[in-house]
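Presented below is the structure to which this report refers.
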Amino acid sequence: MLERPFSCSYADGVLTLGGSVDEYAVAALRAAVREHSEEYRRPLAVELSDVDFLPSVAVGVLATGLRNAEENGTELALVAAPGTIAHRVLVITGMPFLETVPALDTSRRAPETA
């Protein structure tokens, strides 16, 4: 099976990923999560159902994002439909995820800390 190139798009509080999140795409993934969550201060859903390669380095970026969002009092929701590669990886790693995109209040920002 050929891996597809990494793709990333954003709309209405949802960052949709596709293709191969390989070691070359990890920097783009990290930057996109940081940018669209406004430095982990605005809720963001990361839709992973169209990902066909999700190695441990990409899982590490997502785990760091979850921790940063929690520390800032906001939500980073990982989404993976049943039967997808991302679903299997998230189940195996024990990371929290949803099977459908949640309704997020993207107008809400985490409070600024001094």
Side-chain angles (χ1 to χ4, degrees):
M1 179 169 97
L2 292 175
E3 293 175 7
R4 293 174 298 133
F6 175 70
S7 65
C8 178
S9 63
Y10 176 80
D12 301 322
V14 180
L15 182 65
T16 302
L17 307 181
S20 178
V21 189
D22 61 16
E23 61 273 7
Y24 302 108
V26 168
L29 170 61
R30 183 180 299 112
V33 170
R34 187 177 296 146
E35 174 187 349
H36 296 296
S37 68
E38 294 185 15
E39 297 290 332
Y40 310 103
R41 297 200 179 284
R42 185 178 299 272
L44 178 67
V46 180
E47 172 43 274
L48 299 158
S49 297
D50 195 37
V51 167
D52 52 35
F53 183 65
L54 191 66
S56 60
V57 66
V59 171
V61 168
L62 296 172
T64 299
L66 288 169
R67 184 186 71 236
N68 289 340
E70 183 179 341
E71 288 174 355
N72 285 308
T74 194
E75 178 182 10
L76 180 68
L78 305 180
V79 181
T84 63
I85 289 172
H87 184 266
R88 291 192 301 255
V89 169
L90 295 174
V91 166
I92 289 168
T93 61
M95 291 179 65
F97 69 96
L98 303 170
E99 293 181 351
T100 59
V101 175
L104 296 174
D105 181 1
T106 57
S107 65
R108 183 178 54 107
R109 285 181 56 101
E112 298 291 330
T113 56

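Nearest heavy-atom pair across Val21 and Ala58 is CG1-CB, 3.6 Å. Across all their heavy atoms, Gly13 and Leu44 have their closest contact at O-CD1, 3.5 Å. Closest heavy-atom contact between Ala45 and Val101: CB-CG1, 4.3 Å. The minimum heavy-atom distance linking Val61 with Val26 is given by the pair CG2-CG1, 3.4 Å.
Listed by first and then second residue, the ring-ring contact (aromatic ring centres under 6.0 Å, His included) pairs that reach into residues 48-72 come to none, sequence neighbours excluded. Contacts classified as side chain to side chain donor-acceptor pair (under 3.5 Å) and involving residues 23-36 (residues at least two apart or in different chains) are not found.
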Exercise. What do the steps show when you test Phe6 against Leu17 for side chain to side chain contact (heavy atoms under 4.5 Å, CB included), and what is the final call?
Worked result: CA-CA 7 Å; Phe6 175 70; Leu17 307 181; 3.9 Å; yes
For this session: Output, in order, the C-alpha distance, side-chain angles, deciding distance and verdict of side chain to side chain contact (heavy atoms under 4.5 Å, CB included) for Leu29 and Cys8.
Result: CA-CA 8 Å; Leu29 170 61; Cys8 178; over 6 Å; no
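Expressed to the nearest 0.5 Å, how far CG of Leu76 lies from CZ of Arg67 amounts to 12.0 Å. Rounded to the nearest 0.5 Å, atoms OG1 (Thr74) and CZ (Arg41) are 9.5 Å apart.
Scored by the side-chain contact (heavy atoms from CB on, under 4.5 Å) test, Pro96 finds Leu66 as partners (sequence neighbours excluded). Listed by chain and number, the residues in a side-chain hydrogen bond (donor to acceptor under 3.5 Å, both in side chains) with Ser49 are Glu47 (sequence neighbours excluded). Partners of Asp50 under the side-chain hydrogen bond (donor to acceptor under 3.5 Å, both in side chains) rule, at least two apart in sequence or in another chain, are Arg4. Considering only residues two or more places apart in sequence or on other chains, Thr16 meets the side-chain hydrogen bond (donor to acceptor under 3.5 Å, both in side chains) condition with none of them.
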Quick one: side chains of residues 77-94, donor-acceptor pairs under 3.5 Å with protein atoms, not counting sequence neighbours, listed by atom name and distance.
unit_1 : atom_1 : unit_2 : atom_2 : d
Thr84  : OG1    : Ala81  : O      : 2.7
Thr84  : OG1    : His87  : N      : 3.1
His87  : NE2    : Glu99  : OE2    : 3.4
Thr93  : OG1    : Val89  : O      : 3.1
Thr93  : OG1    : Leu90  : O      : 3.2

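Annotation: Glu71, atom CD; neighbour count of heavy atoms from other residues, nucleotides and ligands within 6.0 Å is above 12.
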